[in-house]
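Since this is a predicted model, take the numbers as computed values, not measurements. Only heavy atoms go into these numbers, but all of them, side chains included; no hydrogens, no water, no symmetry mates. Throughout, a chain's letter reflects where its sequence line sits, starting with A, and its residues are numbered from 1.
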2 protein chains.
Amino acid sequence: MTTLFKPIKPKKISEEIVQQIKALISKGQLKPGERVPSERDLATMLGVSRPSVREAIMVLDAMGLVESRQGGGTYVRSLTEHSIADPLTGMVTNNPQLLYDLSEVRIGLESWSAYLAAQNATDEELAELEQLLEKMRRLAPTGGWPAEVDTQFHYAITSASHNTIQVHVLNTIHSLFKATIEVALFEFYRREGYAQLLLEQHEAIFSAISARNPELARQKMIEHLSIVKQKMSEFLVKPTNS
Amino acid sequence: MTTLFKPIKPKKISEEIVQQIKALISKGQLKPGERVPSERDLATMLGVSRPSVREAIMVLDAMGLVESRQGGGTYVRSLTEHSIADPLTGMVTNNPQLLYDLSEVRIGLESWSAYLAAQNATDEELAELEQLLEKMRRLAPTGGWPAEVDTQFHYAITSASHNTIQVHVLNTIHSLFKATIEVALFEFYRREGYAQLLLEQHEAIFSAISARNPELARQKMIEHLSIVKQKMSEFLVKPTNS
DNA sequence: TGTTAAAAACTGGTCATACCAATGCAATCA
DNA sequence: TGATTGCATTGGTATGACCAGTTTTTAACA
């Protein structure tokens with residue numbers, strides 16, 4: 001009743017661009033960490049000038065939705081980064097005990113991703129998972145695969161949940177891991193010859209998702225990530241030997 | 001205190017200008033309704049180009065601190081008339097699909113809380129849950145209980161997970177919920193006489209946690225919160241899971 | 001042949017300039 | 001005196017250019 005009339009305000013071009021990019025992020029068509037087309041490309045795509053695009057990007061930057069690095073490009077940030085990660089990132093580095101909690105939260109979130117993925121994954125997404133799995137099958141006999149392949153596999157599962165918030169929250173949690181010891185932990189697996197076990201677990205997870213079995217997918221993901229939590233405990237007991 | 005090193009990021013000129021104008025406004029040297037010097041004047045004053053000034057003004061405009069009218073000039077807005085919230089909050093409120101996603105993520109997190117609580121809850125924490133439950137039993141016949149009691153119950157469960165990160169993450173998600181429509185949704189339950197059903201679900205959750213049965217606690221929490229998601233779907237258009 | 005170093009191709013950051021459109025003010029005219 | 005016209009001001013947009021980092025490609029080297 002009070003808002004029957006919409007304010008008459010000629011919308012600026014840059015505001016329109018802000019709206020469009022925000023919508024793309026909401027819909028998940030622009031995922032966290034993904035790259036936004038260059039200012040020049042966006043300008044030609046939208047049929048506007050570069051300053052207009054720039055003004056939009058500056059606004060999105062100020063809102064914390066994107067991040068620009070000179071020469072590097074513009075990237076989508078996690079929506080939950082400043083509300084979840086910022087207060088935590090300092091705490092985690094000062095208190096390694098929290099890494100255990102963090103890995104536990106990750107189990108909860110990723111198992112939920114697997115659950116949702118088993119419900120919502122498209123055939124294309126299943127094919128992508130299969131492809132990543134195939135790559136791991138090939139590299140397993142050599143002792144393991146690069147950490148980035150592992151990351152891609154887990155990310156693809158979360159992406160298949162078709163839930164924008166889930167993707168952003170998990171991306172935030174994952175960045176906290178990356179900021180600390182994830183890579184070191186992964187290298188640890190390689191040296192200890194865990195490749196075959198990890199591969200089998202990945203196969204089990206993928207198989208459950210393909211079979212559209214949410215509960216099983218969740219269970220297999222919990223088993224898989226519990227290893228991480230376990231190894232984390234061993235790390236936390238021993239002091240760093242660097 | 002927690003951050004020993006400052007972030008290494010070259011500040012852009014426009015950001016510097018935003019900071020300056022923001023400071024002038026908060027110091028009261030630029031009062032609401034007052035006019036900001038023209039873009040061209042500001043440019044010469046600060047010794048920068050007009051586009052840089054424009055980018056700054058656009059950011060301040062998006063933040064709701066100033067308002068520009070073509071040909072009219074730029075004016076400082078009164079701080080109270082349009083308080084600015086977290087951009088994520090705005091996106092969620094304007095995006096039904098995100099709201100649905102949010103409730104789904106909440107199910108995943110809270111069911112995990114219930115799972116962990118069933119493993120880690122102390123007797124004191126179980127007693128606290130019992131106490132909250134007793135309060136709900138008393139108030140159920142009157143049609144329901146205050147929303148805050150419900151919040152306390154769920155918070156107590158997450159707290160019993162004994163996981164600092166889990167508490168923080170769920171707090172963030174929950175505040176997002178509260179900032180949007182949780183209260184309205186809860187009032188909806190009261191009017192529709194859901195009190196008895198919700199009470200029974202709470203009893204089931206508590207009972208599973210007391211019995212140290214993580215899987216059952218998780219299952220009961222999922223059932224419980226799925227009602228929220230379901231009601232949400234009725235509020236909105238059926239999600240399409242693009 | 002494999003590694004490394006130079007260079008070329010982006011990409012964001014900044015600037016200068018020009019023109020359009022809306023506004024506000026003031027001189028002008030009825 | 002009051003309404004109107006006209007001009008200067010201001011924000012909105014567009015081009016084009018150059019600088020400064022980054023990334024990728026290429027080419028030289030060991």
Is a donor from one side chain sitting under 3.5 angstrom from an acceptor on the other, for A:Ser159 and A:Lys31? yes

With a sphere of 6.0 Å drawn around OH of B:Tyr75, does it hold more than 12 non-hydrogen atoms of other residues, nucleotides or ligands? yes

Quiz question: by atom type and distance under 3.5 Å, do the side chains of A:Glu148 and A:Thr151 form a donor-acceptor pair? no

In whole angstroms, the gap separating C1' of D:dG21 from NZ of B:Lys11 amounts to 19 Å

Within the side chain of A:Asn171, is there an N or O that forms a donor-acceptor pair under 3.5 Å with the backbone of A:Ser78? no

Do B:Ser113 and B:Gln166 have a side chain donor and acceptor closer than 3.5 Å? yes

Classify every nucleotide of nucleotides 6-11 of chain D by which part a protein heavy atom approaches to under 4.0 Å, writing B for the base, S for the sugar-phosphate alone and - for neither, in 5'-to-3' order. ----BB

Paired with A:His224, the side-chain contact (heavy atoms from CB on, under 4.5 Å) test is passed by just one of A:Glu110, A:His154, A:Glu200, namely A:His154

Any chance the side chains of B:Thr74 and B:Glu67 put a donor and an acceptor closer than 3.5 Å? no

Backbone N or O of B:Asn163 within a donor-acceptor pair of the A:Asp101 side chain at under 3.5 Å? no

With a 3.5 Å cut-off and no angle check, do the side chains of A:His82 and B:Asp86 form a donor-acceptor pair? yes

State plainly whether the residues A:Arg137 and A:Glu203 are in salt-bridge range, i.e. N to O under 4.0 Å. yes

Of the residues in residues 19-26 of chain B, which ones touch DNA chain C at a heavy-atom distance under 4.0 Å? none

Using chain B heavy atoms and a threshold of under 4.0 Å, write down where along DNA chain C the contacts begin and end, 5' to 3'. C:dG13 to C:dG24

